[in-house]
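Inspection log for the structure reproduced underneath, given as structure tokens.
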Amino acid sequence: MRDASQPGNRTQALPASLLEWYDRHARALPWRVPPEDSRAGARPDPYRVWLSEVMLQQTTVAAVKDYFHRFTTRWPGVADLAAAEDGDVMGEWAGLGYYARARNLLKCARTVVADHGGVFPDTREGLLTLPGIGPYTASAIAAIAFGRAETVVDGNVERVMARLHDIHTPLPAAKPELTAAAARSTPADRPGDYAQAVMDLGATICTPRNPACGICPWRAPCQARARGTATDLPRKTPKKAQPVRRGIAYVARRADGAWLLERRPDRGLLGGMLGWPGSDWIEGAPPEAPPVAADWTVLGAEARHTFTHFHLLLEIRIATLPHESRPERGEFLDVAAFRPSDLPTVMRKVFDLARPSFDAVM
DNA sequence: CAATCGTGGCG
DNA sequence: TCGCCAAGATT
């Protein structure tokens, strides 16, 4: 019997067995066409595929679902999104994280409308020219929305390939090797379903911890399972410890109830998002940085938050301001215009800690 | 290539 | 409590 995982085996037994599994176990998702419809030639809306793939970058399906529904309800097509106000899109994205994605989402929508007649390019190469669309997303859209036989490599595919072929090279150095392995088993038929099948497999069976090898459709050809190395793969280069940074956030309310907020610059951490005026976040003592001269009260509780590469401890100071107050930084948002849900999570934490103190007085 | 860039869940 | 992890892109 031949080993189906060996390169050079062109029987395509690997995609066939996985697609058979996918036909029975595909998860129903709002941006997805069911496998039976897909086999009949149906394809999903490229706009919805693009939006879902951008939202899913480094983000779980569970976290994305509500955001996807709100975005597609408010902006049903790419032209609707392209015409949206920046602040509305950033506010709708608030809480999902990696806010450069939202900035690039808008740039991309506007480019598609302005330079492509409102129609997404239907090739990987064409898609790669658009903001926020990298190697993974370009291949995913080309395969899923346009039926092109592109190789889709995300974290799931890397893990599945590392185990299937028992590859011990640590990531990210192993990336080319894993991509080559994935390319060898990408089928010309149903490439979009195949890509989603590998990702479903990685998300539900070939999981990072406690993989369910016993019920895996690829248990027979899997070399890591045969050698007992599955849970050790893929190997990764160790990452360094995260430092603690400290800062001060200033929460102020005017006598008429308006809140003092600030739009952050379009680059860097939380770029383009609404937030409370504050100091820089640094290791060591946080610098004073009040947006306006006032009688600032130090709040007892601090906001704690962990970002990708540091922990943050935010001291909170609050003040009520007179009508004639003219802050050096930030702008007043009246009660009707301020939605706490427009804030990124760290800023919403600050708000939740500070608000009771205002409720008591106002 | 390595660093930057969020958040929530889970063992 | 903590580290790891999730359908990565950009610089």
Side-chain angles (χ1 to χ4, degrees), chain A residues 26-27 29-32 44 48-68 90 93-105 107-108 127-141 143-145 150-160 170-176 179 182 192 194-204 206-211 231 234-245 264 266-273 275 281 304-312 343-349:
Chain A
R27 291 184 290 175
L29 298 172
W31 48 84
R32 182 177 276 186
R48 296 168 67 86
V49 174
W50 162 70
L51 180 61
S52 68
E53 289 300 343
V54 173
M55 286 184 168
L56 286 164
Q57 288 166 6
Q58 297 292 287
T59 309
T60 59
V61 168
V64 162
K65 275 186 174 169
D66 290 345
Y67 284 88
F68 182 83
M90 300 312 289
W93 195 277
L96 198 53
Y98 284 140
Y99 298 100
R101 292 184 296 172
R103 303 194 301 272
N104 286 328
L105 193 80
K107 284 185 198 168
C108 182
L127 290 160
L128 269 176
T129 67
L130 294 168
I133 298 184
Y136 162 77
T137 306
S139 290
I141 297 173
I144 296 169
E150 299 292 353
T151 300
V152 176
V153 184
D154 74 328
N156 290 303
V157 177
E158 289 177 348
R159 183 172 57 258
V160 170
L171 283 166
K175 180 96 177 177
T179 300
Y194 173 77
Q196 294 176 93
V198 184
M199 293 189 284
D200 274 17
L201 186 72
T204 63
C206 195
T207 51
R209 286 170 297 196
N210 305 320
T231 54
R235 293 182 56 196
K236 297 190 176 181
T237 55
K239 42 190 85 172
K240 60 180 182 182
Q242 300 170 349
V244 175
R245 296 188 192 174
R264 299 172 66 89
D266 254 351
R267 299 179 173 244
L269 194 65
L270 307 179
M273 298 301 292
W281 301 340
R304 304 172 55 88
H305 194 75
T306 298
F307 291 96
T308 308
H309 51 294
F310 64 93
H311 300 286
L312 178 65
L343 298 174
T345 299
V346 62
M347 297 296 175
R348 191 177 43 72
K349 285 183 181 177

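Residue numbers begin at 1 in each chain, while the letters A, B, ... track the order of the sequences.
- In this structure, the side chain to side chain contact (heavy atoms under 4.5 Å, CB included) partners of A/Ala140, at least two apart in sequence or on a different chain, are A/Glu53, A/Tyr136, A/Ile144, A/Val152.
- The residue among A/Arg32 and A/Pro131 whose nearest nucleotide of DNA chain C is located toward the 5' end is A/Arg32.
- Using P as the reference atom, B/dA3 and C/dC4 are 15 Å apart when rounded to the nearest Å.
- With sequence neighbours left out, the side chain to side chain contact (heavy atoms under 4.5 Å, CB included) criterion links A/Ala63 to A/Thr59, A/Thr60.
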Its contact letters, B for base, S for sugar-phosphate only and - for none at protein heavy atoms under 4.0 Å, make nucleotides 6-11 of chain B read BBS-BS
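- Remark: A/Arg348 pairs with A/Asp352 by the salt bridge (charged side-chain N to carboxylate O under 4.0 Å, His left out) rule, at least two apart or across chains.
- In this structure, the ring pair (Phe, Tyr, Trp, His ring centres under 6.0 Å) partners of A/Phe68, at least two apart in sequence or on a different chain, are A/Trp31.
- Take the nearest nucleotide of DNA chain C for A/Ile133 and for A/Arg159: the residue whose nucleotide is more 5' is A/Arg159.
- Here the P atom of nucleotide C/dT10 and the CG atom of A/Leu105 are 12 Å apart, to the nearest Å.
- In this entry the distance linking NE2 of A/His311 with P of C/dG3 reads 6 Å, nearest Å.
- Rounded to whole Å, the P atom of B/dG6 lies 14 Å from the corresponding atom of C/dT11.
- Not counting sequence neighbours, the partners of A/Lys175 by the salt bridge (charged side-chain N to carboxylate O under 4.0 Å, His left out) test are A/Glu158.
- A/Gln242 has its CD atom 7 Å from the P atom of C/dG3, to the nearest Å.
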